[in-house]
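As C-alpha cells, the structure follows; a few thoughts come after it.
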Amino acid sequence: MEDFQMFERDLPGENKSGLSFQKPSDAMPLETCETINGAWGYNITDRNYKSVKQVVQLLVSAAGRDANLLLNVGPMPTGLIQSEFVDTLAGAGKWLQQYGESIYGTRGGPLPPQTWGVSTQKGKLIYLHLFKAPEGNTILLPDTKLKIKQVKLLGSNTPVKFTKQKNGVAISTEGISPDGADTIIVVEKG
C-alpha cells in the first residue's frame, strides 16, 4: 500500500521523462522528485545546473499541482555541496523569503495548471503565479459565486483590475509584464 505518489523527474500530470505514466491520485499526497542538475549523485562532468529561475518555477509548479518538491543535490566526495548549488539554493531561498506566503501552507489553487503558470490558495487568498503573460491578458476564475475584496501584485501591492462576469471573474493582466522567476497576483476573497 502506498503512502504517497511520487513523480520522478516530472510534475504530476506530466510525462516528459517517460517515467511518470500514471494519473495523479486524488486520495494520496503527491511528490515530484527532481535533481538540481542532470545526475542524482555527484558527477564532476555534469554542468547541467538548474538556474534559480528554474528551481523557483519547479517549486511553484509542484505547489500549484498540490505536490511536494523533493530537490536532490548530490554532495561531492568530501561531503560538501558544490558552490553552484549553494548559490542556486540561496537564490531560491531569497525568493521564498519575499514570496513564500504564496507557497508555504498552500494547496493547489482553483485553476489547473495553465500555459501561463499555476495557482495556489490558502484561506481567503488565491495566488496566480505568472511565468509568462496569459493569452489575451486575462485570467478567468470560473467561479460565478466568487466575491472578491481586492486583487493586487504580491510584493508591490499594486492594484490589479478585475471584472465580474456571468461566467466568473476576469483578472486583467494588461500592463503586467511577468519578469524574474514568477510574477504573483493575489486575489483576496471577500
Worksheet item: Taking only residues two or more places apart in sequence, or in another chain, which ones meet T163 in a side-chain contact (heavy atoms from CB on, under 4.5 Å)?
Response: Q165, A170
[X]: which residues meet the side chain to side chain donor-acceptor pair (under 3.5 Å) condition with it, sequence neighbours left out?
X	value
N167	none
D46	N37
S156	T158

For the pair [X] (side chain) and [Y] (backbone), establish whether a donor and an acceptor sit closer than 3.5 Å, ignoring hydrogens and angles.
X	Y	answer
N157	K152	no
K161	T173	no
Q150	I148	no
Q121	G108	yes
S119	L111	yes
S51	Q54	yes

Discussion item. So, taking the atom named CG in L141 and the one named CG in L128, what distance separates them when rounded to the nearest 0.5 Å?
Written reply: 5.5 Å
Worksheet item: Once you round to the nearest 0.5 Å, how far does NZ of K189 lie from CG of L125?
Response: 8.5 Å
Item to complete: Using the test salt bridge (Lys or Arg N to Asp or Glu O under 4.0 Å), find all partners of E101 that sit at least two apart in sequence or belong to another chain.
Response: none
Worksheet item: Side-chain heavy atoms under 4.5 angstrom apart, residues restricted to Ile, Leu, Val, Met, Phe, Trp, Tyr: same cluster for V118 and I139?
Response: no
Discussion item. Test of understanding: clusters of I, L, V, M, F, W, Y form through side-chain heavy atoms closer than 4.5 Å, transitively. Do L89 and V56 belong to the same one?
Written reply: yes
Worksheet item: What's the verdict on side chain to side chain contact (heavy atoms under 4.5 Å, CB included) for S102 and L154, showing C-alpha distance, side-chain angles and the deciding distance?
Response: CA-CA 9 Å; S102 70; L154 185 61; 4.1 Å; yes
Practice prompt. Write out all pairs satisfying ring pair (Phe, Tyr, Trp, His ring centres under 6.0 Å) with one or both partners inside residues 106-152, taking only residues at least two apart or from two chains.
Written response: none
Discussion item. Please check if the number of heavy atoms outside K164 that lie under 6.0 Å from its NZ is greater than 12.
Written reply: yes
Practice prompt. Examine the side chains of D179 and S177 and answer whether a donor and an acceptor come within less than 3.5 Å of each other.
Written response: no
Practice prompt. With side chain to side chain contact (heavy atoms under 4.5 Å, CB included) as the test, would you mind laying out the steps for Y104 and T120 before giving the verdict?
Written response: CA-CA 10 Å; Y104 294 124; T120 56; over 6 Å; no
